[in-house]
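Since the structure comes first, as structure tokens, the remarks are kept for the end.
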Amino acid sequence: MATRQEALTFTPRTVARSEAELLAGATERGALSHADSKSGARMERVVIDGEPYVAKWLSFDDDWTMRCVGDLGCKTLQLWEYGILDALPDCINQPVVGCAHDPGIGPGGKQTIVLMRDISAWTVPEGDQPIPLPQHLGFLDHMAQMQARFWGFEDRFGLTPMPNRYMESSPWMIETEAALGSDAVIPPLMGRGWDLLPGLAPGLAKIVMPLARDPSSLIDAYGDTPTTLLHGNWKLGNLGTDDAGRTVLFDWEAPGAAPGCVEFAWYLCLNAARLPQSKEDATREYRAALERHGIDTAAWFEHQLQLALLGAMVQFGWEKALGGRGPELEWWEQRVVEGARHLS
């Protein structure tokens, strides 16, 4: 039987040859900062034909988040160029309207400029308060709907490989950023968290920290469980809900083929403080949404989920350690033990 990917049609998009071509007709331009953006990428607010846009400059040399996933060619540009963004289901509102190559300091003397519709009015407000339950349930449903659309996705486009996904907060990356003299704020915080973890949760650290340097046994354990297209950073800072109830989804910094539960576990882990329901209830909602959108989960879901929850600590064990010992870290410690049973 044909996979869903084979039923999709990807129509290539044109890439502008320069910043001038991409931003032609701009009548206003101004620097833009965003409190939730930690990559260091330059951004501008741009007005073209009376409509507001945001332009973002992406370069391997300037953006540590690109370096940490080995993004040499700009994954957002690839999604645009190959027409993958156009194949998203209607429930997803992605704002990219154009991309350009331009001379820069990145590998090969190039940087990428991404032009997006200004969707700031719809993004999740910053803060510590739980998001509304209907919005959270919408995010889970639309995540599942997007995954169902790309069910069986195989990467023919050079997107983010699975090992890169699990090594983006690895001690290797932290050491490399330090050796480069990087002024990025987050990598040193990661290092501090990894240093704290063994004292706070020695059982978790014993399992997770070797995987943070070599995740191959974790990746192998997924076996032939199904894959789909992942956005790669389904955090509230990259999400919103538009006037039509669609999920606004931006900053596609680590897209690629991977088990769908990996995206869900990331969402559950990184947004834990602002979720309006328990992790167990959110898991049931996500699984029900997959079923609702035509995915039979009986044969593989529990296996894939347990590995993905373990994998979330390979990605964010350092972050939970910075929060100290408590119910959150203890919950994840139990999930790590459960997931580790699947490792050879």
Side-chain angles (χ1 to χ4, degrees), residues 32-39 41 43 45-46 51-56 75-76 79-80 84-98 114-151 228-255 260-295 312:
L32 177 66
S33 61
H34 190 286
D36 198 62
S37 178
K38 300 176 176 63
S39 69
M43 293 191 291
R45 192 177 300 280
V46 181
E51 296 295 327
Y53 295 89
V54 172
K56 188 172 185 177
K75 304 309 179 191
T76 303
L79 292 176
W80 171 261
I84 298 171
L85 292 176
D86 292 327
L88 293 169
D90 291 341
C91 65
I92 301 295
N93 178 351
Q94 76 77 26
V96 177
V97 297
V114 178
L115 184 64
M116 300 168 281
R117 287 176 286 105
D118 185 351
I119 41 75
S120 57
W122 294 323
T123 56
V124 173
E126 298 170 15
D128 300 322
Q129 295 300 312
I131 63 174
L133 180 61
Q135 184 174 46
H136 161 71
L137 296 178
F139 289 156
L140 293 180
D141 183 79
H142 296 166
M143 178 191 293
Q145 192 169 339
M146 176 177 147
Q147 291 181 1
R149 181 68 176 270
F150 288 89
W151 205 249
T228 185
L229 174 68
L230 268 57
H231 167 270
N233 190 1
W234 202 285
K235 67 175 183 178
L236 295 185
N238 290 338
L239 295 169
T241 305
D242 70 14
D243 292 339
R246 299 177 299 171
T247 290
V248 175
L249 186 60
F250 55 99
D251 276 1
W252 295 71
E253 60 192 40
C261 286
V262 172
E263 190 101 279
F264 170 71
W266 178 290
Y267 174 85
L268 202 65
C269 179
L270 196 56
N271 304 313
R274 300 192 63 187
L275 298 185
Q277 63 178 179
S278 70
K279 297 178 180 66
E280 291 79 7
D281 285 345
T283 301
R284 284 189 285 270
E285 292 288 349
Y286 166 65
R287 185 173 187 175
L290 286 172
E291 295 277 353
R292 190 162 56 247
H293 294 295
I295 303 301

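Expressed to the nearest 0.5 Å, how far CG of Asp118 lies from CG of Leu32 amounts to 8.0 Å. Going from atom OG of Ser278 over to atom CZ of Arg284 covers 6.0 Å, rounded to the nearest 0.5 Å.
Closest heavy-atom contact between Leu140 and Ala289: O-CB, 4.1 Å. Nearest heavy-atom pair, Glu263 versus Asn233, reported as atom, atom and distance to 0.1 Å: OE1-N, 3.9 Å. Residues Ala312 and Cys269 come closest through the heavy atom pair CB-CB, 4.2 Å. Counting all heavy atoms, side chain and backbone alike, Leu290 lies closest to Ala144 at N-CB, 3.7 Å.
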Apply side chain to side chain contact (heavy atoms under 4.5 Å, CB included) to Leu239 and Leu249, showing your working. CA-CA 5 Å; Leu239 295 169; Leu249 186 60; 3.4 Å; yes
Take Arg45 and Tyr53 through the side chain to side chain contact (heavy atoms under 4.5 Å, CB included) test and state the conclusion after the steps. CA-CA 6 Å; Arg45 192 177 300 280; Tyr53 295 89; over 6 Å; no
I would like to know whether Leu229 and Ile84 meet side chain to side chain contact (heavy atoms under 4.5 Å, CB included); could you show each step before the answer? CA-CA 10 Å; Leu229 174 68; Ile84 298 171; 3.8 Å; yes
Going through the checks in order, is the side chain to side chain contact (heavy atoms under 4.5 Å, CB included) test met by Gln145 and Arg149? CA-CA 6 Å; Gln145 192 169 339; Arg149 181 68 176 270; over 6 Å; no
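No side-chain heavy atom of Phe250 sits less than 4.5 Å from a side-chain heavy atom of Val54. The shortest side-chain heavy-atom distance between Phe139 and Val124 falls under the 4.5 Å cut-off. His293 is not listed as a side-chain neighbour of Pro89, based on a closest heavy-atom distance of 4.5 Å or more. At least one side-chain heavy atom of Leu85 sits less than 4.5 Å from a side-chain heavy atom of Trp252.
Here the side chain of Asn271 pairs a donor or acceptor atom with the backbone of Trp234 at under 3.5 angstrom. Asp251 places no side-chain N or O within donor-acceptor distance of the main-chain N or O of Glu253, the cut-off being under 3.5 Å. Judged purely by atom type and a 3.5 angstrom limit, Arg246 has no side-chain atom pairing as donor or acceptor with the backbone of Gln94.
When the ring-ring contact (aromatic ring centres under 6.0 Å, His included) test is applied to His142, no partner is found at least two apart in sequence or on another chain. Every residue was checked against the salt bridge (charged side-chain N to carboxylate O under 4.0 Å, His left out) condition with Arg274, not counting sequence neighbours, and none meets it.
Salt bridge Arg292/Asp141: present, at least one basic N to carboxylate O contact under 4.0 Å.
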Tell me which donor-acceptor pairs under 3.5 Å the side chains of residues 129-138 have, and how far apart each pair is, sequence neighbours excluded?
from	atom 1	to	atom 2	distance (Å)
Gln135	NE2	Thr241	OG1	2.9
His136	ND1	Tyr267	OH	2.8
His136	NE2	Gln277	OE1	2.9

